[in-house]
Structures are given as structure tokens and as C-alpha cells.
Amino acid sequence: HPLRTPAPQRLHPCPLSLAPTSSRSDIRSSGQRKMATPRASSLRKRASPSAPPAKEAPPRLRCVGCPLSLARQPYAELVGGRVTTAAAYDCAHTLCISCFSSAQCERSAGVEVTCPKCDLVAGGWRIHPFKFSTKKPSDADRPPPVHHKIRVPSTEEDVSKLERVLKLAQMCKLAGCEAKKTSDGGGYCEGHAGIGLRLAAPVAAAADAAALKPVHEANDRIYAAYWQPEDMDREAAPVWHPGLVTHRRELEDDPAADEKYGKTSRYNVTYDLGDRLRGLEERYVCAAEDHELRRRLGVLNAGGGRNASAASWRGVKGVRNVTDKNSSDPWAKHVGWYVATVDGEKHEFASLKDALRAVDAATLRRKGLLAREDDLHLPEEWPELFRKEEEKEAEVEVEER
């Protein structure tokens, strides 16, 4: 009522609260606010499970002499010895096999092995082997390391032997070369580093029997069998002439085909004489390079064909012509492929030149600079080895004149 005086406010019975009690309207409105406001507990974010602390990545195993990673490599670790610089305390002293060999070559008569990074004079080393596999590198891939101690030579004879060994270790790998090898030459000196790369190249042998049969495409230089125009039935023995392949047709269903040696083909050939023949079988077509090599080696028959006797191959060192007499494929039965003995193992080749190159490389790996031109089938491919020999012969001829 407008004339009624408001009732005095009551104090809250709790002595800790100093705020006056709220009216009913205030309570109603505060209740509405409480309903509209979510609970404080729901506002708190749920504590996410604490992630485990990130493990520190192990330091990458690297060679201190070069940037090569040693994770999947055998390596050497220098241990003990005498510290000469403060940098030795932070150095891992891990070396790849190449850098370790270089450190061994630089040893003095006191057999001191020095770290190339921190100049630590090692008292020994550990060789850490590695089992090469397709799995990720793990501790299981590394057998226990092998420890080696440095033994100081006790007599002058030991010192002289060590000096001879170190001198040989510093020399070029090519037999007969006395130059010092370089660190990045693969064990060869600076002048023979290119030869070392060629000698280390893999053997270009055929992977399976289907890759033994050569395939000639259009515009390839070849030698092919040729019959005179009046010999329509090709009864006479052919004469081989050079020419070009103009077309190759692969036969789908050939009763004479042998799955072991792949599909058969027929060739259209244009001879340098001007004549043309179509549908020549594979055994009547030969790559020009291989045909000229066979002529040079004396393994062609009277008409220039490839069916020479086996005795004619006795003069060809390390290479033989092999055929399959039980095959239905005329190429495999009458022409065949080449087998070369390289480093004591037999390899099969589709090309005669590839077989001769592999045998020459094996000869040079064994004889090096001591090899003569007569020891190689293709000495013209190694002019850097025989240039000095030709110069000496020229000098002798000049002196005789």
C-alpha cells in the first residue's frame, strides 16, 4: 500500500554474511539467472590426459671426417689415447670405413691414429659391424663391436714392416701404379679415378633367358643374310651384307616359338646394295657391331654367317658362344648367346661387345698397368692406359732412325 511503511530488512542469520537478505522478487530473478547460467563445473574444461614428455631424438650417427650417415653402415670408433685439443671432448670420434682407412694410411711409424676432426691421438679403436637388411636400423642389426689395440713396434724390423704396409696402403689400387691414392677417388689416384669408376661398374649381364635374344628396331644398322634374286627358294648358302632394319613384326602365334626365349620376330631389311628382303627370321639378322667383332675375332663361317665351329672360339679368351640344341626356337638352336667368365663366375650376355667388355674389365682389375694391349679384346676403349706405351714405341723408332 502506498501509505504502508516498508518492513525493516532482516539480517542473515549467518554471522559471516554481511549482505542483507534478498526480497522474493530478487530471489525469483536470481533463480532465473541461476537456471540460465550453466554450472561452474560444466564450464571447466576436462583435463586432457597429459602427453608423455617428448623423448630426445638420439644424435644422428655420422662420420666426423665426411657427411656420410653411419645409421646403416659399418663404422670405426676411436677410443682412448691422448687428447690434444678441447674439441676432442665434444667429438664422437666415429669414422666411416673410407675415412678410417685414410686415417690408417696417415699413421706414422709410431702407429698413431688421429681423429680427422679433433686431432685425438687414439689408443685403439672399435669396429662396429652392420648386418645389411631391408628392415629399419635397430640394435639387432649391429653385432657386438670388435676391439683393437694399438701395438707399438718393438724392433726396427717391425717398424720397417709397418712402413712398407703403410706405403702400400697409400698407393693406388690399380696394379702397377705407385701414385698416392686420393680420399675421394675410391682407392685410386687422381689420374686413375675415372678408370676406377669404370672398373667398379656392374656387369651388364642378361637377367633371364628371355633377355638373351637381341631385338632390332627400325633404322638399326645390321648385317643380314642375302640371297640372289634368282634364288627364290633360298636353296643356296646366303652371303651376309650390311643394311638397315625398316620394320619389325612380332609374331603372336608362332609354332616354332619357345616361351623360355620370348616371342619371335620377323624383319624387313634394306641392304646397302639397294635390294630389299621382307620377313627375315631372327637367325638371319645380326647387329652390325657384333658382326664386325666376330669377323675381327675370326668366328664367322666362309659366307659371313654366325654358325662357326666351336673350335674357332678357342682363341677368344674368356668368351664362348652357346646354343640350345633342344629348343624349338631357330635363333636359340642355331645362333645362341654368349657366356663370359668374369672374376671366376660365368655370366650370360646377349651382346658380344658387352661380354668382351666385362672380360677386359676383369683383366684390368687383376693386372692394372701391367696389362698389355694383347691381353684385352678391346684395347681401343682404354687409350689412357696404353698412351704411354705407344709414346715409348714411337721414341724407340725415332732413335733407331
Side-chain angles (χ1 to χ4, degrees), residues 204 206 210-258 261-313 315-316 319-325 327-338 349-357 377-381 383:
L212 291 172
K213 184 187 296 185
V215 176
H216 311 288
E217 300 296 344
N219 297 323
D220 284 354
R221 289 291 300 175
I222 49 90
Y223 273 76
Y226 175 76
W227 292 266
Q228 295 295 333
E230 55 271 15
D231 190 2
M232 301 295 294
D233 296 332
R234 300 179 180 177
E235 296 179 352
V239 179
W240 290 65
H241 289 285
L244 282 175
V245 173
T246 57
H247 180 70
R248 180 179 73 91
R249 179 169 59 92
E250 193 175 84
L251 304 181
E252 295 296 335
D253 298 323
D254 185 8
D258 190 340
Y261 302 104
K263 296 183 178 181
T264 57
S265 300
R266 295 291 183 269
Y267 295 96
N268 296 349
V269 176
T270 299
Y271 296 90
D272 293 350
L273 302 172
D275 290 351
R276 299 179 180 178
L277 284 180
R278 302 181 62 183
L280 282 177
E281 297 181 17
E282 294 167 326
R283 59 173 172 163
Y284 294 126
V285 180
C286 176
E289 198 173 43
D290 278 8
H291 194 275
E292 292 168 358
L293 281 175
R294 291 182 70 121
R295 179 188 298 167
R296 171 177 164 181
L297 298 172
V299 287
L300 292 175
N301 59 18
R306 291 180 287 179
N307 53 347
S309 63
S312 61
W313 284 89
V316 184
V319 181
R320 294 291 179 269
N321 185 203
V322 180
T323 57
D324 186 357
K325 298 301 182 182
S327 176
S328 60
D329 191 318
W331 171 86
K333 190 173 184 179
H334 300 287
V335 179
W337 57 97
Y338 307 97
F349 296 86
S351 168
L352 176 58
K353 191 165 189 177
D354 289 342
L356 297 178
R357 281 174 173 168
H377 297 292
L378 305 171
E380 64 275 7
E381 294 192 351

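Bear in mind the structure is a predicted one, so any value in this text is a computation, not a measurement. Just so it is clear, the values below take in all heavy atoms, side chains as well, and ignore hydrogens, waters and symmetry mates. Just so you know, residue 1 is the first one in the sequence shown, and it goes up from there.
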Quick check: are there more than 12 heavy atoms from other residues, nucleotides or ligands sitting under 6.0 Å from CZ of Arg278? no
Asp220 side chain to Glu217 main-chain N or O, any donor-acceptor pair under 3.5 Å? yes
Decide yes or no for Asp258 and Lys333: does some side-chain heavy atom of the first lie under 4.5 Å from some side-chain heavy atom of the second? no
Between Trp240 and His291, how do the two ring planes meet: parallel, tilted or perpendicular, split at 30° and 60°? parallel
Looking only at heavy atoms, the pair that brings Pro238 and Ala225 closest together is CB-CB, 3.7 Å
Walk me through it: do Arg234 and Leu277 pass the test side chain to side chain contact (heavy atoms under 4.5 Å, CB included)? CA-CA 12 Å; Arg234 300 179 180 177; Leu277 284 180; 3.9 Å; yes
Separation between OG1 of Thr270 and NE2 of His247, rounded to the nearest 0.5 Å: 12.5 Å
How long is the span from the CG atom in Leu352 to the CG atom in Asp354, to the nearest 0.5 Å? 9.0 Å
Salt bridge check, Arg296 against Glu380: does any charged N sit closer than 4.0 Å to a carboxylate O? yes
Side chain of Asn268, backbone of Gly279: donor and acceptor closer than 3.5 Å? yes
Are the side chains of Leu293 and His377 in touch, meaning some heavy atoms are under 4.5 Å apart? no
For Arg221 and Pro242, the nearest pair of non-hydrogen atoms, with its separation, is NH2-CB, 3.7 Å
State, to 0.1 Å, how close Ser265 and Arg248 come at their nearest heavy-atom pair, and which atoms those are. OG-NH1, 3.1 Å
With Tyr284, the ring pair (Phe, Tyr, Trp, His ring centres under 6.0 Å) member among Trp227, Tyr267, Trp331: Trp227
Taking side chain as C-beta onward, heavy atoms only, is Glu381 less than 4.5 Å from Leu356? no
Interatomic distance, NE2@His334 vs CG@Asp329, rounded to 0.5 Å, equals 9.5 Å
Does any N or O in the side chain of Asn321 come within less than 3.5 Å of the main-chain N or O of Val335, such that one atom is a donor and the other an acceptor? yes
Could you walk me through whether Arg295 and Tyr223 pass side chain to side chain contact (heavy atoms under 4.5 Å, CB included), step by step? CA-CA 12 Å; Arg295 179 188 298 167; Tyr223 273 76; 3.6 Å; yes
How many angstroms lie between CG in Asp253 and NZ in Lys263, if you round to the nearest 0.5 Å? 8.5 Å
Where the side chain of Asp324 meets the backbone of Ala332, is there a donor-acceptor pair that is under 3.5 Å apart? no
Could you measure the distance from the CD atom of Glu282 to the CZ atom of Arg266? Nearest 0.5 Å is fine. 7.0 Å
What distance separates Leu212 CG from Phe349 CZ, expressed to the nearest 0.5 Å? 10.5 Å
Identify the heavy atoms of Asp275 and Pro229 that sit nearest to each other, and give their distance. OD2-CG, 4.4 Å
Going by heavy atoms in the side chains, are Asp290 and Lys353 under 4.5 Å from each other? yes
Say whether, by atom type as modelled, one donor and one acceptor occur between the side chain of Asp254 and the main chain of Thr264 under 3.5 angstrom. no
Using side chain to side chain contact (heavy atoms under 4.5 Å, CB included), reason through Arg276 and Thr246 one step at a time and then give a plain yes or no. CA-CA 10 Å; Arg276 299 179 180 178; Thr246 57; over 6 Å; no
Minimum-distance pair of heavy atoms, taken over all atoms of Tyr338 and Ala355: CB-CB, 4.3 Å
Heavy-atom closest contact (Ala257 atom, Ser328 atom, distance): O-OG, 3.4 Å
